[in-house]
Amino acid sequence: QSKWHVNLENLSILGCGIALGTGLWTNVNGQEQEAAVAAPCRTQPEGGDVPWTSAWPNWLREVRPNVVVLLAGRWEVLDHLFKGHRTNILHAQYAAYIEHMLEVAVRIGTSTGANMVLMTAPCYSSGEQANGAPWPEDNVSRVEAYNRLVKEVGAEYPKKVTVQDLYALACPHGQYRATFGTGVLRDADGIHFSMTPGQGGALLAPILLPVWEDLGHRQEAAGGRVVTGPLPTHTS
């Protein structure tokens with residue numbers, strides 16, 4: 001962080017993306033089964049957790065970030081229960097819903113004056129189901145469909161949003177890449193980035209973080225607040 005003068009507050013959420021709902025189909029012990037959506041992506045508060053659409057405005061008011069970076073996509077390419085039916089992002093109605101939720105994310109993310117970065121999603125290679133069939137969510141056409149929506153929404157807000165093409169870095173020409181240069185880029189699960197020090201995201205930092213730094217300086221120059229002390233600690 002310090003090399004690029006970035007003070008990072010990680011407010012990512014576990015178990016869901018930007019789509020709100022109740023159910024999805026995912027890997028359960030090697031088989032594709034319906035599962036409940038994690039609380040931050042349900043439409044109503046549950047067990048003390050609130051939907052991200054309610055949590056984000058509170059976090060933004062507390063942190064007052066110069067830049068908001070959104071990386072989603074993995075949960076958006078799974079099959080979801082939508083309006084009582086199983087569907088996915090290759091269906092026009094559900095794709096339109098995902099586009100709408102990206103627009104909601106941008107409106108909230110920029111509501112306190114921050115610039116925003118929308119990152120395209122990387123491709124995935126999570127192996128085979130127990131019956132030998134590939135996982136539907138690993139289908140690169142689904143990832144590309146999501147990334148088209150990211151670019152379309154980014155183009156709607158040219159003064160506020162920058163699109164960073166993580167997909168091109170992690171999946172050149174649509175091919176899954178486990179390494180980057182001489183380093184290990186992806187985790188063995190074929191979904192996440194390696195957490196080994198000096199690997200994974202650290203390999204991409206020299207490409208990604210200078211953009212965040214530049215956008216942050218622009219926002220500061222336009223009157224944004226500069227935070228130098230510890231950032232707030234948050235719970236969902």
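We're numbering straight along the sequence, starting at 1.
In this structure, C171 and P122 approach most closely via the heavy-atom pair SG-C, 3.8 Å. For the residue pair Q33 and V28, the shortest heavy atom distance occurs at OE1-CG1, 3.7 Å. The two residues D138 and Y124 make their nearest non-hydrogen contact at OD1-CB, 3.4 Å. Of all the heavy atoms in G154 and V161, the pair that sits closest is CA-CG1, 3.8 Å. Shortest non-hydrogen contact noted between Y167 and E144 is OH-OE2, 3.0 Å. Shortest non-hydrogen contact noted between P65 and L60 is CG-CD2, 3.6 Å.
Between the side chains of R61 and N58, a donor-acceptor pair is found at a separation under 3.5 Å. In summary, the side chains of S194 and D187 do not present any donor paired with an acceptor at a separation below 3.5 Å, with no hydrogens or angles considered. Counting only N and O atoms by type, the side chains of W75 and E137 include no donor and acceptor under 3.5 Å apart.
Using a 4.0 Å cut-off between charged nitrogen and carboxylate oxygen, K160 and E103 do not count as a salt-bridge pair.
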(request) Starting from the C-alpha separation in whole Å, work towards a yes-or-no answer on side chain to side chain donor-acceptor pair (under 3.5 Å) for D189 and H192. (result) CA-CA 7 Å; D189 66 5; H192 298 92; 2.6 Å; yes

(message) Test side chain to side chain donor-acceptor pair (under 3.5 Å) on W212 and Q164; report intermediate values, then the result.
(response) CA-CA 10 Å; W212 302 6; Q164 263 191 326; 2.9 Å; yes

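At least one test fails for R186 against the ring of Y176: distance under 6.0 Å to the centre or angle within 45° of the axis.
Side-chain contact between I89 and V143: absent, with no pair of heavy atoms (C-beta onward) separated by less than 4.5 Å. Side-chain contact between N88 and H80: absent, with no pair of heavy atoms (C-beta onward) separated by less than 4.5 Å. The closest side-chain heavy-atom distance from Y157 to R107 is below 4.5 Å. Contact check for P45 versus P51: side-chain heavy atoms found under the 4.5 Å cut-off. For the pair W4/P206, a side-chain contact is recorded, criterion being any heavy-atom separation below 4.5 Å from C-beta on.
No side-chain donor-acceptor contact under 3.5 Å links E32 to the backbone of N27. Judged purely by atom type and a 3.5 angstrom limit, R42 has no side-chain atom pairing as donor or acceptor with the backbone of L20. A donor-acceptor pair is defined here as one N or O able to donate and one able to accept, closer than 3.5 Å; such a pair exists between the side chain of N147 and the backbone of A121.
The only member of R218, Q219, E213 that meets side chain to side chain donor-acceptor pair (under 3.5 Å) when paired with N66 is Q219.
Between F82 and Y97, the distance separating the two ring centers is shorter than 6.0 angstrom.
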